[in-house]
Colleague: 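For reference, the structure I am asking about is given below.
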Number of protein chains: 2
Amino acid sequence: MAASAGPEIERLISLLSKLPGLGPRSARRSALALLKKREALLLPLADAMSQAAARVKTCGTCGALDTQDPCAVCSDPARDTSLICVVEEVGALWAMERAGAFRGRYHVLGGLLSALDGVGPDALRIGQLVGRVSGGEVKEVVLALPATVDGQTTAHYLADALAGTGVAVTMLARGVPVGGELDWLDDGTIAQAMRARRPA
Amino acid sequence: MAASAGPEIERLISLLSKLPGLGPRSARRSALALLKKREALLLPLADAMSQAAARVKTCGTCGALDTQDPCAVCSDPARDTSLICVVEEVGALWAMERAGAFRGRYHVLGGLLSALDGVGPDALRIGQLVGRVSGGEVKEVVLALPATVDGQTTAHYLADALAGTGVAVTMLARGVPVGGELDWLDDGTIAQAMRARRPA
Ligand SMILES: [Zn+2]
Ligand SMILES: [Zn+2]
């Protein structure tokens, strides 16, 4: 950055460039857009971020993000408590909700098993999942994991870990394209894959 | 957005999606990244935005953005006060500074003349430019405007408006690609175009 922009603007640009999808150039463009729209964008966004930082927490039950714990899904009495959909991250949970194809509850793993990245079972919320399933109320666990090597490794691991509990373990149908991240799929594909889910 | 994400997160995503270069999907990814990196990214960015909103202002002389008025460039005694470089927007000023090819001062027009968009001379900071030039200290005005129809229309208009003042009016050499926005050029191209500038 040019020294002439001043340390406040440089700090803003530097932090914006850490957002996924924003490189240094688009971070500069974003900073300018923010400074031009001070009342309409900059102040509201600063406030929304402060509010989110202060109020959004992780649901102790499913791992979702919400201002309440348990989250809105976990505390919704209209949700089918016999169904748990396992997702990698909160973004995939949001994608499932947008698709509107699932009326049970969720379990956010917080990642995938990965030999390459050294992510083992203890790094994920697998113990909590087995604990929830062991309560007796759950009849089916739907694994909504990406059709990648790590996604499938994780699915097999979970199917083994849940084998002793007596619940049905299913996975999304292969409507999910190979290598596809759930968060990037259109809602129709997700809904179709949910309807056609099959035993894992 | 899914209702399950909660109004705070939905508001954050909605505001993030208004940043240039961030669509709804990357806004969701950004919101998630922010919530995951609360201490390292979310809180610092909220603070940087509040600070910028409170402290950054428009330089009354040149139209740049800075925490001081006059801005750092306008108040730098090492800058050549006989040279003014006219740019469309602050982003172009930053690009010029990054290129390090200009040691005079700037004048930010705040846009370009555009018959199509109905932008006339009164909507731009043209009167202020003529006023600055009429002070007698300025010897050369370099028009660093994009090589687009509107950019060239504006350059001709400014050359006419400054014709009576006796200053030399030059423009960047055609190193600037046709249709190219300054803000997206590499520093070397900008530096070369500045060195090879010619009369307008
Ligand atoms: Zn929950
Ligand atoms: Zn200035």
Side-chain angles (χ1 to χ4, degrees), chain A residues 1-9 11-12 14-16 18-23 25-26 28-38 40-53 55-56 64-68 71-73 76 89-91 93-98 100 183-184, chain B residues 1-9 11-12 14-16 18-23 25-26 28-38 40-53 55-56 64-68 71-73 76 89-91 93-98 100 183-184:
Chain A
M1 262 311 303
S4 68
E8 281 79 7
I9 299 180
R11 178 162 167 255
L12 179 60
S14 154
L15 287 166
L16 283 170
K18 293 180 183 166
L19 293 181
L22 279 191
R25 287 188 174 204
S26 29
R28 286 197 296 267
R29 300 223 140 194
S30 288
L32 267 181
L34 286 164
L35 289 163
K36 274 191 201 169
K37 299 177 187 167
R38 207 166 298 214
L41 191 52
L42 178 52
L43 289 171
L45 189 51
D47 179 65
M49 287 182 175
S50 302
Q51 290 286 327
R55 303 189 51 201
V56 174
L65 293 168
D66 203 337
T67 46
Q68 59 187 81
C71 71
V73 171
D76 180 354
E89 286 290 1
V90 173
L93 186 162
W94 291 352
M96 293 294 303
E97 285 295 289
R98 286 196 303 277
D183 198 20
W184 293 93
Chain B
M1 262 309 303
S4 67
E8 281 78 6
I9 300 179
R11 177 161 167 256
L12 179 60
S14 154
L15 286 165
L16 283 170
K18 292 180 184 167
L19 294 180
L22 280 192
R25 286 186 175 204
S26 27
R28 285 198 296 266
R29 300 221 142 195
S30 288
L32 267 182
L34 286 164
L35 289 164
K36 274 192 202 169
K37 299 178 186 166
R38 206 167 298 216
L41 191 52
L42 179 52
L43 289 170
L45 189 51
D47 179 64
M49 287 184 176
S50 302
Q51 290 285 327
R55 303 189 51 199
V56 173
L65 292 168
D66 203 338
T67 46
Q68 58 186 81
C71 72
V73 171
D76 180 355
E89 286 291 0
V90 174
L93 187 162
W94 291 351
M96 294 293 305
E97 285 296 287
R98 287 196 303 276
D183 197 20
W184 293 94

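The structure displayed is predicted, hence computed values, not measured ones. Just so it is clear: chains get the letters A, B, ... in the order the sequence lines come, proteins before strands, and each one is counted from 1.
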Colleague: Could you have a look at A:Gly100, A:Ala48, A:Gly23 and say which one has the most heavy-atom pairs with chain B under 4.5 angstrom?
Modeller: A:Ala48

Colleague: Flag the one option from B:Leu35, B:Leu43, B:Leu34 with the top tally of heavy-atom pairs under 4.5 Å to chain A.
Modeller: B:Leu35

Colleague: Is any side-chain heavy atom of A:Leu19 less than 4.5 Å from a side-chain heavy atom of B:Leu41?
Modeller: yes

Colleague: What residue in B:Pro20, B:Gly21, B:Ser50 has the most heavy-atom pairs under 4.5 Å with chain A?
Modeller: B:Pro20

Colleague: Does any non-hydrogen side-chain atom of B:Leu12 lie less than 4.5 Å from one of A:Gln51?
Modeller: no

Colleague: For B:Arg29, which atoms come within 4.5 Å of any heavy atom of chain A: side chain, backbone, both, or neither?
Modeller: both

Colleague: Does any heavy atom of chain B fall under 4.5 Å from the side chain of A:Gln68, the backbone, both, or neither of them?
Modeller: neither

Colleague: Please tell me if the side chains of A:Leu45 and B:Leu45 come closer than 4.5 Å, counting only heavy atoms from C-beta onward.
Modeller: no

Colleague: Determine whether a donor-acceptor pair (N or O, by modelled atom type, separation under 3.5 Å) exists between the side chain of A:Arg28 and the backbone of B:Ala95.
Modeller: no

Colleague: Using non-hydrogen atoms only, which part of A:Thr67 is less than 4.5 Å away from chain B: side chain, backbone, both, or neither?
Modeller: side chain

Colleague: Please classify the contact of A:Lys36 with chain B as side chain, backbone, both or neither, using a heavy-atom distance under 4.5 Å.
Modeller: side chain

Colleague: Measure distances from B:Asp76 to the heavy atoms of chain A and classify the residue's part below 4.5 Å as side chain, backbone, both or neither.
Modeller: neither

Colleague: Under 4.5 Å heavy-atom distance to chain B, tell me which part of A:Ala33 shows up: side chain, backbone, both or neither.
Modeller: side chain

Colleague: Please determine, among A:Val90, A:Leu42, A:Leu22, the option with the most heavy-atom pairs under 4.5 Å with chain B.
Modeller: A:Leu42

Colleague: Rounded at 0.5 Å granularity, tell me how far CD in A:Glu8 sits from CE in B:Met49.
Modeller: 14.5 Å

